[in-house]
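Positions are given from 1, in the same order as the sequence printed here.
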Amino acid sequence: MAKIAKKKAAARAAFAGKTFLPVEDAVALVKANASAKFDETLEIALNLGVDPRHADQMVRGVVTLPNGTGKDVRVAVFARGPKADEAKAAGAEIVGAEDLMESIQAGNIDFDRCIATPDMMPLVGRLGKILGPRNLMPNPKVGTVTMDVKSAVEAAKGGEVQFKAEKAGVVHAGVGKISFEPEKLAENIRAFVDAVNRAKPSGAKGTYLKKVSISSTMGPGVSLDLSSATAQG
């Protein structure tokens with residue numbers, strides 16, 4: 001425990017007084033102080049000037065990170081017949097219909113993304129209270145309710161990240177692994193921030209993008225200079 005506490009204290013000291021850094025400097029700081037024994041994820045959190053409880057202020061969308069996430073994404077697909085075969089051929093780990101619904105109801109949620117063909121939605125709808133809170137509910141707005149099962153599965157496995165604002169107006173996601181090259185992490189960060197900017201809802205008033213911070217899975221966070229956090233920055 002003492003050794004862990006010492007690492008945390010050193011990390012906090014390294015971050016002390018450092019705020020609103022350019023993206024490249026922030027990435028370098030986080031990478032240099034990631035001390036876990038596993039390959040930590042680079043986490044990003046955006047504080048937005050929205051209240052997602054109002055429908056016209058909900059922020060959600062999807063972005064394909066230019067350098068992927070570094071994560072092995074497990075995909076479940078609700079489909080029958082040829083579409084089920086298409087999902088399996090595209091690399092989906094779990095494919096089914098009523099059997100998959102029953103498995104999920106029994107508490108087996110061993111997947112990171114859920115995709116469904118439109119005809120499966122009456123079935124999937126029964127799982128709203130289970131999949132919804134986990135942000136796993138298929139949704140046509142983010143391309144997970146589709147007849148193009150092959151493309152959806154390939155996108156999920158190829159670096160596509162979904163995002164959705166939480167109650168406090170915070171959007172967070174993993175945008176790569178600490179082991180990535182710094183420039184690749186910077187590209188992923190800017191791609192994600194730009195996607196959230198493009199998803200600005202009609203009801204958003206005042207300052208939309210308030211603060212952007214990054215951290216490693218186990219490390220402290222640092223805020224970014226907003227002008228450097230976009231592809232145009």
message = Within the structure provided, determine whether Leu29 and Leu21 are in side-chain contact (heavy-atom separation under 4.5 Å).
response = yes
task = Just jot down the salt bridge (Lys or Arg N to Asp or Glu O under 4.0 Å) partners of Glu93, sequence neighbours excluded, or say none.
result = Lys157
Neighbour count >12 (heavy atoms, 6.0 Å) for atom CE, Met218 = no
May I have the list of side-chain donor-acceptor pairs in residues 196-207 shorter than 3.5 Å, sequence neighbours left out?
none

message = Let me confirm one number: the CG-CG distance from Leu136 to Leu127, rounded to the nearest 0.5 Å.
response = 10.5 Å
request  = Enumerate the residue pairs fulfilling salt bridge (Lys or Arg N to Asp or Glu O under 4.0 Å) with a member in residues 117-132, sequence neighbours excluded, ordered by first and then second residue.
outcome  = none
message = In the structure I gave you, are the side-chain heavy atoms of Asp110 and Arg74 within less than 4.5 Å of one another anywhere?
response = yes
message = Minimum heavy-atom separation for Ala87 and Val149, please, with both atom names.
response = CB-CG1, 3.4 Å
Cut-off 3.5 Å, no hydrogens considered: what does the side-chain donor-acceptor table look like for residues 158-169, sequence neighbours left out?
unit_1, atom_1, unit_2, atom_2, d
Glu160, OE1, Arg113, NH1, 2.9
Glu166, OE2, His172, NE2, 2.6

inquiry  = In the structure I gave you, are the side-chain heavy atoms of Asp39 and Ile178 within less than 4.5 Å of one another anywhere?
reply    = yes
task = Go through the steps to decide whether Leu48 and Lys210 satisfy the test side chain to side chain contact (heavy atoms under 4.5 Å, CB included), and finish with yes or no.
result = CA-CA 5 Å; Leu48 306 177; Lys210 289 184 171 182; over 6 Å; no
ask   = Yes or no on side chain to side chain contact (heavy atoms under 4.5 Å, CB included) for Leu224 and Ile189, after CA distance, side-chain angles and deciding distance?
value = CA-CA 10 Å; Leu224 305 183; Ile189 289 168; 4.0 Å; yes
inquiry  = Rounded to the nearest 0.5 Å, what separates atom CD1 in Ile94 from atom SG in Cys114?
reply    = 9.0 Å
message = Could you tell me if the side chain of Thr69 sits less than 4.5 Å from the side chain of Phe180, heavy atoms only?
response = no
query = Of all heavy-atom pairs between Val75 and Phe111, which one has the smallest distance, and what is that distance?
reply = C-CB, 4.4 Å
key: Contact summary for Val77 and Ala92, nearest pair of heavy atoms   = CG2-CB, 3.7 Å
request  = Kindly write out the residues that satisfy salt bridge (Lys or Arg N to Asp or Glu O under 4.0 Å) with Lys141, not counting sequence neighbours, or none if the list is empty.
outcome  = none
key: Sidechain-backbone polar pair: Thr144 side chain, Asn139 backbone, donor-acceptor under 3.5 Å   = yes
request  = Decide side chain to side chain contact (heavy atoms under 4.5 Å, CB included) for Phe78 and Met101; before the verdict, give the C-alpha distance in whole Å, the side-chain angles of both, and the deciding distance to 0.1 Å.
outcome  = CA-CA 8 Å; Phe78 280 90; Met101 179 189 72; 4.2 Å; yes
message = Under a 3.5 Å threshold, yes or no: a donor from one side chain and an acceptor from the other, between Asn67 and Glu187?
response = yes
ask   = So which heavy atom on Val153 is nearest to which on Ala90, and how close?
value = CG1-O, 3.6 Å
message = Hydrophobic clustering (ILVMFWY, side-chain heavy atoms < 4.5 Å, transitive) - are Ile115 and Val124 grouped together?
response = no
task = Find out if a path of hydrophobic residues (ILVMFWY) with successive side-chain heavy-atom gaps under 4.5 Å connects Leu100 to Met121.
result = yes
query = Does the Asn188 side chain pair with the main chain of Gly68, one donor and one acceptor, at a distance under 3.5 Å?
reply = yes
message = Could you check whether any side-chain N or O of Asp225 sits under 3.5 Å from a backbone N or O of Phe20, counting only pairs where one atom can act as donor and the other as acceptor?
response = no
ask   = Among side-chain atoms of Thr41 and Lys71, is any donor-acceptor pair under 3.5 angstrom?
value = no
request  = Check step by step if side-chain hydrogen bond (donor to acceptor under 3.5 Å, both in side chains) holds for Ser216 and Glu40.
outcome  = CA-CA 6 Å; Ser216 63; Glu40 296 179 62; 2.9 Å; yes
ask   = For Ser228, does its backbone N or O pair with a side-chain atom of Arg190 as donor and acceptor, under 3.5 Å?
value = yes
remark   = In short, Ser223 meets Ser213 closest at the heavy-atom pair CA-OG, 3.8 Å
query = Is there any ring pair (Phe, Tyr, Trp, His ring centres under 6.0 Å) pair reaching into residues 45-64, and which pairs are they, with sequence neighbours excluded?
reply = none
request  = Would you mind telling me which of Val212, Leu226, Val175 makes a side-chain contact (heavy atoms from CB on, under 4.5 Å) with Val193?
outcome  = Val212
request  = Taking all heavy atoms of Ser179 and all of Lys31, pick out the closest pair and write down the distance.
outcome  = C-NZ, 4.1 Å
task = Would you check if the side chain of Lys18 reaches a backbone N or O of Ala26 as a donor-acceptor pair within less than 3.5 Å?
result = no
Derivation of the side chain to side chain contact (heavy atoms under 4.5 Å, CB included) call for Val171 and Ile44 = CA-CA 8 Å; Val171 168; Ile44 188 167; over 6 Å; no
key: pair Arg80-Glu98: side-chain heavy atoms closer than 4.5 Å   = yes
query = Does the side chain of Val30 come within less than 4.5 Å of Leu185's, by heavy atoms?
reply = no
query = Backbone N or O of Lys83 within a donor-acceptor pair of the Asp85 side chain at under 3.5 Å?
reply = no
task = Report yes or no: do Asp148 and Thr146 form a side-chain donor-acceptor pair below 3.5 Å?
result = no
inquiry  = Using a 3.5 Å distance criterion without hydrogens, assess whether the side chain of Gln57 forms a donor-acceptor pair with backbone atoms of Asp51.
reply    = yes
